[in-house]
Amino acid sequence: MEMEFAGTPRQTGQAGRPDVPSWGRVLATTISLWTSRRLSRLRRPRSALIAAICVLAVAAAAVVAVRLAGTSSRAADGPPAASPHGAPAPPAASEVARAQAAAWIAAQVNSNTTIACEPVLCTALGVRGVASTRLVPLSDSAPGASSAPGAPGASSASAASAATTADVIVASGSARAALGREAPGLLASFGSGDNAVDVRAAAPGGAAAYQAAVKADLAARQSGGGQLLKSKRIQVGAQGAAQLQAGQVDSRLLIMLAMLASQHPWRVVAFGGASPGVPAAGAPLRQVTIADANGRAGPAGAADLARALAMVRAQQGPYQPAHVGTVRLNGGQQGLSIDFAAPAPLGLLSGDVP
């Protein structure tokens, strides 16, 4: 029976157990006693030395085995080891998709648009600098939610009415499936499966009317692209020509290129601005890089580029680009980059703007 004296603290180990001598101390004591008892019995000092060395070797092996066994036991029974350098766990797939969608909207969507979003997505958009006055929280995307964090005073909208009260809708989960029926115009998609986040254009006249307008706009872009290819003042490579013929180029770019070609011959270096997860026919290319068709450099080429830049910057309304500026191309030639924001307006080529 173990006894304790009053007033004497009891020594405990790390796990609250009584402090006991380590295996190394026990073995060292055992070796000392064994050696002192046997050395006196051995007649030759050399034999005594060899015996002591053997005992020490066996003891060292025993200590290593005991420590390894203890380490294995702790690894099996204890909690999982922390990640090296204290690195945090990687974000969930849903968080990654929301962050990607918010970043794309902040960089690519027109700054004048209103955006309907689930509360968690409204928060992600606010982090990216989207003004709270542009956000319309979806009230039925989260039980009991009536407003989005970071969007004080904003009125809430149901998933069905968002297609008429906002310009752009971003949603995931069950709200994503519902909005797919109300707003069929997919602008971009991030993630996959249950973690996917969709960015859609609103359909103020209803889904059927919107789909009809999209179909008519595609036909107009195909016709406009074919006409642009006939111009002798626009040079387009094989890939660009195929994109124009397929109607994959934004109507605003077609009109802008025709306007610029009326003043000076240009070469289309490349179309760009593809929307993630969406075919170009559904979300046309909104960016183009052009260069002097004659390859002129020096003051003359710089003057032509400056005039074109000023002309593009002077545009108003739907023809005002989100970004425009000069770029240096391979080979050192200067080019002009024109980038329009999403969503692309429908009916510009036919004059039937909804």
Query raised in the report: Do side-chain atoms of Asp198 reach the backbone of Ser189 as a donor and acceptor pair under 3.5 angstrom?
Result: no
Report task. Please report the shortest heavy-atom distance between Ala207 and Glu182, naming the atom on each side. Result -> CB-O, 4.0 Å
Query raised in the report: Hey, mind stepping through Thr289 and Leu329 against side-chain contact (heavy atoms from CB on, under 4.5 Å) and telling me if it holds?
Result: CA-CA 9 Å; Thr289 301; Leu329 307 174; 3.9 Å; yes
Report task. Would you give the length of the straight line joining atom CE of Met311 to atom CD of Gln263, rounded to the nearest 0.5 angstrom? Result -> 4.0 Å
Query - From Leu253 atom CG to Met256 atom CE, the distance as rounded to the nearest 0.5 Å - result: 8.0 Å
Query raised in the report: In this structure, are over 12 heavy atoms from other groups packed under 6.0 Å from Asp194 atom CG?
Result: no
Query raised in the report: Shared ILVMFWY cluster between Leu229 and Val249, side chains joined below 4.5 angstrom?
Result: yes
Requested in this report: Say whether, by atom type as modelled, one donor and one acceptor occur between the side chain of Ser231 and the main chain of Leu228 under 3.5 angstrom.
Outcome: no
Requested in this report: Indicate yes or no for a side-chain donor-acceptor contact from Ser275 to the backbone of Ala188 under 3.5 Å, with no hydrogens or angles considered.
Outcome: no
**Report entry** Spatial distance of atom CZ (Arg98) from atom OG (Ser172) [nearest 0.5 Å]
**Finding:** 6.5 Å
Query raised in the report: What pair of heavy atoms forms the shortest contact from Leu254 to Gly225, and how long is it?
Result: CD1-N, 4.0 Å
Requested in this report: Give the intermediate values and the outcome of side-chain contact (heavy atoms from CB on, under 4.5 Å) for residues Asn110 and Val168.
Outcome: CA-CA 10 Å; Asn110 195 313; Val168 172; over 6 Å; no
Query - Approximate separation, where rounding is to 0.5 Å, of Ile290 CD1 and Ile338 CD1 - result: 4.5 Å
Requested in this report: Flag yes if Phe271 and Val327 sit in one hydrophobic cluster, no otherwise; membership is Ile, Leu, Val, Met, Phe, Trp, Tyr, and two members link when side-chain heavy atoms are under 4.5 Å apart.
Outcome: no
Report task. Give the cluster check for Leu121 versus Val127: same hydrophobic cluster or not, with ILVMFWY residues linked at side-chain heavy-atom distances below 4.5 Å. Result -> no
Query raised in the report: Do Ile169 and Leu186 share a hydrophobic cluster (ILVMFWY, side-chain heavy atoms under 4.5 Å, transitive)?
Result: no
Query - The single option from Val170, Val130, Thr114 passing side chain to side chain contact (heavy atoms under 4.5 Å, CB included) against Leu135 - result: Val130
Requested in this report: Show your working on side-chain contact (heavy atoms from CB on, under 4.5 Å) between Val278 and Leu187 and close with a plain yes or no.
Outcome: CA-CA 7 Å; Val278 186; Leu187 300 178; 6.0 Å; no
**Report entry** Trace of the side chain to side chain donor-acceptor pair (under 3.5 Å) decision for Arg267 with Gln333
**Finding:** CA-CA 12 Å; Arg267 173 175 61 90; Gln333 186 182 8; 3.3 Å; yes
Query - Ile255-Ile234 co-clustered via ILVMFWY side chain contacts under 4.5 Å - result: yes
Query - Atom pair CG/CZ of Asn195 and Arg176 - distance to nearest 0.5 Å - result: 10.0 Å
Requested in this report: Say whether, by atom type as modelled, one donor and one acceptor occur between the side chain of Arg252 and the main chain of Ala341 under 3.5 angstrom.
Outcome: yes
